[in-house]
Undergrad: 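Supplied in structure tokens, the structure appears directly below.
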Amino acid sequence: MHALFSLIEALTTIQPGTAQQLEEALQAQIVLKKENDYYRFWGINDPLELGNGVRINRVNYATPKKDPKPPSITLDDISGTCISREALREKFGHLGFPYPPNNPAPRARTTWRIEINGIEVGFGFRNDNPDCLSSIGMRFSRM
């Protein structure tokens, strides 16, 4: 889990973050997956294998094209070693109040949000596996 915690800390220090900084933190190449009139959506082609058996299957990095909105990052479909809320509390302290999902679907998530280095970080736990971390979302401050 230390590799995941190190990655979280690295990502929260690159505010507001560029694609190159993200690649350096992830130690992986990100590629443009799609875009629309407002955003470019970047991701990875292969899952990230972190230490302690943690695997990040998808990375989504959304960068605005026109608006001065900040980018956002989602580390999604985290699998392998189960990372509990208790492990997150031990590392980051109080996780705040839970934000329940809008629907009861199995893949819907309850999220706990905290702030790390001025960045809102959300830890998501899916309904079908509520004891293990499934995603991490980060919203950078305004650019």
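Values reported hereafter were calculated over all heavy atoms of this structure, with side chains retained and with hydrogens, waters and symmetry mates removed.
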Undergrad: What heavy-atom pair brings I119 and L11 nearest, and what distance separates the two atoms?
TA: CD1-O, 4.1 Å

Undergrad: side-chain hydrogen bond (donor to acceptor under 3.5 Å, both in side chains) with E24: which residues, sequence neighbours excluded?
TA: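 side-chain hydrogen bond (donor to acceptor under 3.5 Å, both in side chains) list for E24, sorted by chain: Q20.
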
Undergrad: Write down the atom of D128, the atom of P130, and the distance for their closest heavy-atom approach.
TA: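 Minimum heavy-atom contact is C-CD, 3.8 Å.
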
Undergrad: Could you check if a side-chain atom of P101 sits within less than 4.5 angstrom of a side-chain atom of N127, using non-hydrogen atoms only?
TA: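 Sidechains of N127 and P101: in contact.
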
Undergrad: Would you list the pairs meeting ring pair (Phe, Tyr, Trp, His ring centres under 6.0 Å) in which at least one residue belongs to residues 95-122, sequence neighbours left out?
TA: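 Of all non-adjacent pairs touching residues 95-122, those that pass ring pair (Phe, Tyr, Trp, His ring centres under 6.0 Å) are W112-F125.
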
Undergrad: According to salt bridge (Lys or Arg N to Asp or Glu O under 4.0 Å), who are the partners of D131, at least two apart in sequence or on a separate chain?
TA: none

Undergrad: With sequence neighbours excluded, what pairs up with K33 under the salt bridge (Lys or Arg N to Asp or Glu O under 4.0 Å) test?
TA: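 Scan of K33 (salt bridge (Lys or Arg N to Asp or Glu O under 4.0 Å), adjacent residues dropped) gives none.
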
Undergrad: What residue pairs, at least two apart or across chains, pass salt bridge (charged side-chain N to carboxylate O under 4.0 Å, His left out) with a residue in residues 44-54?
TA: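 Passing the test, one end in residues 44-54: E49-R55.
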
Undergrad: Output all residues satisfying salt bridge (Lys or Arg N to Asp or Glu O under 4.0 Å) with R107, sequence neighbours left out; order by chain, then residue number.
TA: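 If we apply the salt bridge (Lys or Arg N to Asp or Glu O under 4.0 Å) test to R107, skipping adjacent residues, there are no hits.
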
Undergrad: Check side chain to side chain contact (heavy atoms under 4.5 Å, CB included) between P100 and all other residues, then give those that pass, not counting sequence neighbours.
TA: none

Undergrad: Would you say Y61 and I30 make side-chain contact, with heavy atoms under 4.5 Å?
TA: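 They are in side-chain contact.
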
Undergrad: For S134, check side-chain hydrogen bond (donor to acceptor under 3.5 Å, both in side chains) against everything at least two apart and list the hits.
TA: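 Residues passing side-chain hydrogen bond (donor to acceptor under 3.5 Å, both in side chains) with S134: R109.
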
Undergrad: Please confirm whether the backbone N or O of Y38 pairs with a side-chain atom of N36, one donor and one acceptor, at under 3.5 Å?
TA: yes

Undergrad: Who pairs with E9 by side-chain hydrogen bond (donor to acceptor under 3.5 Å, both in side chains), at least two apart in sequence or on another chain?
TA: K91

Undergrad: Using the test salt bridge (Lys or Arg N to Asp or Glu O under 4.0 Å), find all partners of R85 that sit at least two apart in sequence or belong to another chain.
TA: none

Undergrad: Who are the side-chain hydrogen bond (donor to acceptor under 3.5 Å, both in side chains) partners of E35, not counting sequence neighbours?
TA: K65

Undergrad: My understanding is that only residues two or more places apart in sequence, or in another chain, count here; which of them pass side chain to side chain contact (heavy atoms under 4.5 Å, CB included) with E115?
TA: none

